[in-house]
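Here's the structure, in structure tokens; my notes come after.
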Amino acid sequence: MTGELWAHSVNPSGRRHGLVDHLKGTAYLAAEFASVFGAGELAGGLGLLHDVGKGACLWQDGLLRAEAGGGRVVDAGGESVDHKMAGAWLAVRKAQLGPYALAVLGHHGGLPERRFLKEVLTSADAEAAERVQEAVRRVAELLPEILDDRADSVPSWGKSADDRHLAELLLRMVFSALVDADFLDTESHFSGAPRPPVPSLASMAGAFERARTELLTHRRPSPVDVIREQVYEEAVRAAEEPVGIFPFPAPTGAGKTIAAGGFAVEHAARHGLRRVIVAVPYTSITEQNAAVYRKLFGDANVLEHHSGVNLADVPPALRWQRLAAENWDAPVVVTTTVRLFESLFSRKPSAMRKVHRLAGAVIVLDEVQSLPDPMLPPILSALRDLTERFGTSVLLASATQPEFFSMDVFKDLHARQVISKPKPLYRSLERVRYRWWCDPKPTLKDVAERIRDEPSVLAVVNTTKDAAALHQCLEEIADAPVLHLSTRMAGGHRRDALEDIRARLAEGLRVAVVSTQLVEAGVDLDFPVVFRAYAAAEAMQQAAGRCNRNGRLERGTVVVFDPADGSVAGARRVYGAALDATRAFFGPGLASPDDLDALRAYYRTRYAVKNIEGDGPGIEIQKDRAAFDFPAVAARFKLIDESTVPVLVPYGDDAEREQLRKLLATPGSAEPWVFRKIQPYLATLPRRLAREAVGAGLAAPLLGDLVEWHGEYHAFRGIEFADPSGEDFVW
């Protein structure tokens, strides 16, 4: 360790972190991470340069001052001392790395836009420029390789003039490798030891198969088990195919979750891939899938990472999960689609540390039809580049497989089919008959009266307003429990309701459930009868997947109704042009929602009508990506509607909720674990409606967007608050 220049203050053993050691340690790890996608030299070079600015006397003096008195590294006047400019200057002027210098410039605050790099390098005042040269000179005396020309370290396919989106993705990936390496080397200094190695995914194939056999042995037999086994075997055979994009169309109940796991572990073993990343659209399905994968891969190998899991309370034996959540260094990661893609298109180091783990991985996108149309251009562009340049395979799993390969972004891309003949599979799993109730249109009261006499029934509508209205109608006339699911309920309330529903179904008890569409995508429920308000084709088919799911009836019944007093505006807001495309192909006298030919035609029409590759936010994001404008991309890329706010509601453990509320209300006490732990107590409201509630004294601001609910909270429906404007909210 050099005794001349320091990177970090003393650790618990009383040792400072030498700057040369830190630069070399970061470079080594960054090169190791990026070697997976052929950019080890590039990332390693950036690692050598990233903290060169700490060699300046002003920074070294500030470190000793901070070590003695605490706080940040500042000059004698209390101003922050920059340490990134020197490395960025070297990356551009000496290493000839062009825009990849942005990784150095943003390794603490986040990736800036490209033009900011030029501004920083050309507009520095004389004192800053002198400090840059001083830092470079002092570090070069100890580490002369920081002056090397590294232009050849950029892979030929990453030259920005050739394919700017690919070059932008490469910059994201090397930035991720750099910031993760920086964090880990710093952590190793302060903890005194590196993190333990992660088990190999390739070694788990045999254990997975044994666990699957054990799991199926203890499951209640189902008439569709033979078909599920055929789906599994076909998925495992498909795993022999080279790395690429694998559409996986299979009807609901075909065993996609287990088959996807089998494909992933076999594909990884055959092609040397390092991890499986499973992304699903909703937290409830994430928890459901994570529970299955823990049984198949083992608790010690599965990281469940989303807002609903509290990693602060994991037992000591699973402490690795807290650490792995920072950078997804685990064999199997189960997360949400939002966390996956908003990390990929973020600009912040904390979110992007994990992004390099997508290289050399199997990404399973479950319920892929849930990806919002406006965001498809950047998502599909990145997925294609990941498979073609970063050694990643992508499994697109859905009962309503979107027609992504009809889009220009996937033009000439070979689809590696998991199911060779989908039509016979869908015919063999036809477990429902559709009944259309559209002319004349029924009222919600009419629907409630039809539902009342069913022994077990699920009714799915398009908005929270319709769900509350239908639940009230049914509650007044039903002689069996009427349960409810919507985002007006706290996360823990919804989880408890789902457990109650499953228990009643398992025991053969009567139960009626009214829900918004959050119950549709992948939630493992099995009703003999499902009522579904008319919606986009994939939503109706997904709802049908909750009917006769395990094939115990010859046919289940799905009644599609078009409510006369339902929220037309609400359905239009969530489905938009997809609703018009649906009416052209599905309904009385037309196709049923599980007709594959009609679904393909529907998706093509929908994409054309929406013009998603010619206009809209996704195209603007692609333009920002081509310009290397990382802040603009991060600001534009949103998978979920930000017009909602979280609401702390009076449900669950009163003592714990109050403790968390006080921590949130106390300045400086709102640490990340508090936000994770409070998730089960949160419902959501539209932002405008939350403001109305605050103005009416029914809610009060707590922290940021978070408000606390003081109004009525219904035992089944959750937040009860009518919109004064008469408008409606989806979900």
Side-chain angles (χ1 to χ4, degrees), residues 7-8 17 19-55 82-92 94-114 116-117 120 139 143 145-146 148 150-151 153-155 158 160 167-189 194-195 326-329 343-360 389-390 628 630-631 634:
H8 300 107
H17 197 186
L19 179 56
V20 170
D21 290 339
H22 177 53
L23 296 177
K24 286 184 174 181
T26 301
Y28 175 81
L29 288 173
E32 179 183 17
F33 298 153
S35 65
V36 176
F37 48 91
E41 288 187 37
L42 172 58
L46 294 170
L48 278 181
L49 303 179
H50 80 289
D51 271 357
V52 165
K54 291 183 176 181
D82 174 81
H83 71 273
K84 296 170 291 187
M85 191 182 298
W89 182 87
L90 280 170
V92 173
K94 295 292 184 180
Q96 303 296 312
L97 294 179
Y100 295 96
L102 290 170
V104 173
L105 198 59
H107 76 272
H108 281 300
L111 283 167
E113 55 184 310
R114 184 172 184 170
F116 183 65
L117 179 62
V120 166
V139 176
L143 198 63
E145 52 264 47
I146 66 169
D148 290 350
R150 300 180 182 276
S153 69
V154 180
S160 61
E168 190 258 12
L169 183 59
L170 176 60
L171 202 162
R172 289 181 180 278
M173 297 293 273
V174 296
F175 176 73
S176 173
L178 170 64
V179 295
D180 194 24
D182 186 20
F183 271 102
L184 290 173
D185 189 70
T186 303
E187 175 188 273
S188 179
H189 163 68
R195 294 187 181 186
E326 298 170 0
N327 65 352
W328 286 359
D329 192 11
S343 294
L344 178 59
F345 292 108
S346 177
R347 59 180 289 265
K348 295 295 186 181
S350 58
M352 295 188 69
R353 281 185 62 184
K354 62 182 75 75
V355 168
H356 71 92
R357 304 289 182 185
L358 303 181
R389 292 296 183 182
F390 294 88
F628 288 72
F630 295 96

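Under the 30°/60° scheme for interplanar angles, the aromatic rings of H356 and F33 are found to lie parallel.
Taking the six-membered ring for Trp and the full ring otherwise, H22 and H189 have centroids separated by 6.0 Å or more.
In this structure, the side chains of K94 and I146 stay at 4.5 Å or more apart for every pair of heavy atoms. Looking at heavy atoms from C-beta onward, F628 lies out of side-chain contact with L111 at the 4.5 angstrom threshold. In this structure the side chain of Y28 never reaches within 4.5 angstrom of the side chain of D185, judged on heavy atoms. With contacts defined as side-chain heavy-atom distances shorter than 4.5 Å, the pair D180/D329 does not qualify. Contact check for H107 versus T26: no side-chain heavy atoms found under the 4.5 Å cut-off. Inter-residue side-chain proximity for L117 and P112 is flagged as unmet; no heavy-atom pair is nearer than 4.5 Å.
In this structure, F390 CZ and L170 CG are separated by 5.0 Å, a value rounded to the nearest 0.5 Å. Taking CG from D182 and CG from D51, the interatomic distance works out to 5.5 Å, rounded to the nearest 0.5 Å. Rounding to the nearest 0.5 Å gives a distance of 11.0 Å between CG of D21 and OG of S188. With rounding to the nearest 0.5 Å, the separation of CZ in R389 from CE in M173 is 13.5 Å. Note that the CG atom of L105 and the CG atom of L49 stand 12.5 Å from one another [nearest 0.5 Å].
For the pair A103 and L171, the tightest heavy-atom approach, listed with the atom from each and the gap, is N-CD2, 4.4 Å. Looking at every heavy atom in both residues, S176 comes nearest to M352 through OG-O, 2.5 Å. For the pair Y100 and A167, the tightest heavy-atom approach, listed with the atom from each and the gap, is OH-O, 3.6 Å. Closest heavy-atom contact between P349 and G106: CG-O, 3.9 Å. When all heavy atoms of A181 and L29 are compared, the closest pair comes out as CB-CB, 3.6 Å. Across every non-hydrogen atom of P155 and A39, the tightest pair is CG-CB, 4.2 Å.
By the neighbour-count criterion of 12 heavy atoms within 6.0 Å, atom CD of E41 is sparsely surrounded, having that number or fewer from other residues, nucleotides or ligands.
Remark: R114 is not positioned above the aromatic ring of F630, lacking an NZ or CZ atom under 6.0 angstrom from the ring centre and at most 45 degrees off the axis.
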For H50 and H108: C-alpha separation, side-chain torsions, deciding distance, then whether ring pair (Phe, Tyr, Trp, His ring centres under 6.0 Å) applies. CA-CA 10 Å; H50 80 289; H108 281 300; 7.8 Å; no
Worked verdict on L184 versus R353 for side chain to side chain contact (heavy atoms under 4.5 Å, CB included): CA-CA 10 Å; L184 290 173; R353 281 185 62 184; 3.7 Å; yes
Go through it in stages, so that I can follow the logic: the residues are L169 and L344, the test is side chain to side chain contact (heavy atoms under 4.5 Å, CB included), and I'd like the CA-CA distance, side-chain angles, deciding distance and then a yes or no. CA-CA 9 Å; L169 183 59; L344 178 59; 4.0 Å; yes
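Side chain of K54 to main chain of A7: a donor-acceptor pair is present (N/O by atom type, distance under 3.5 Å, no hydrogens or angles). Of the possible donor and acceptor atoms, one in the side chain of R357 sits under 3.5 Å from a partner among the backbone N and O of N327. Without hydrogens or angle criteria, R347 side chain to E113 main chain gives no donor-acceptor distance under 3.5 Å.
Each of L42, V174, V92 was scored for a side-chain contact (heavy atoms from CB on, under 4.5 Å) with L97, with one residue passing: L42.
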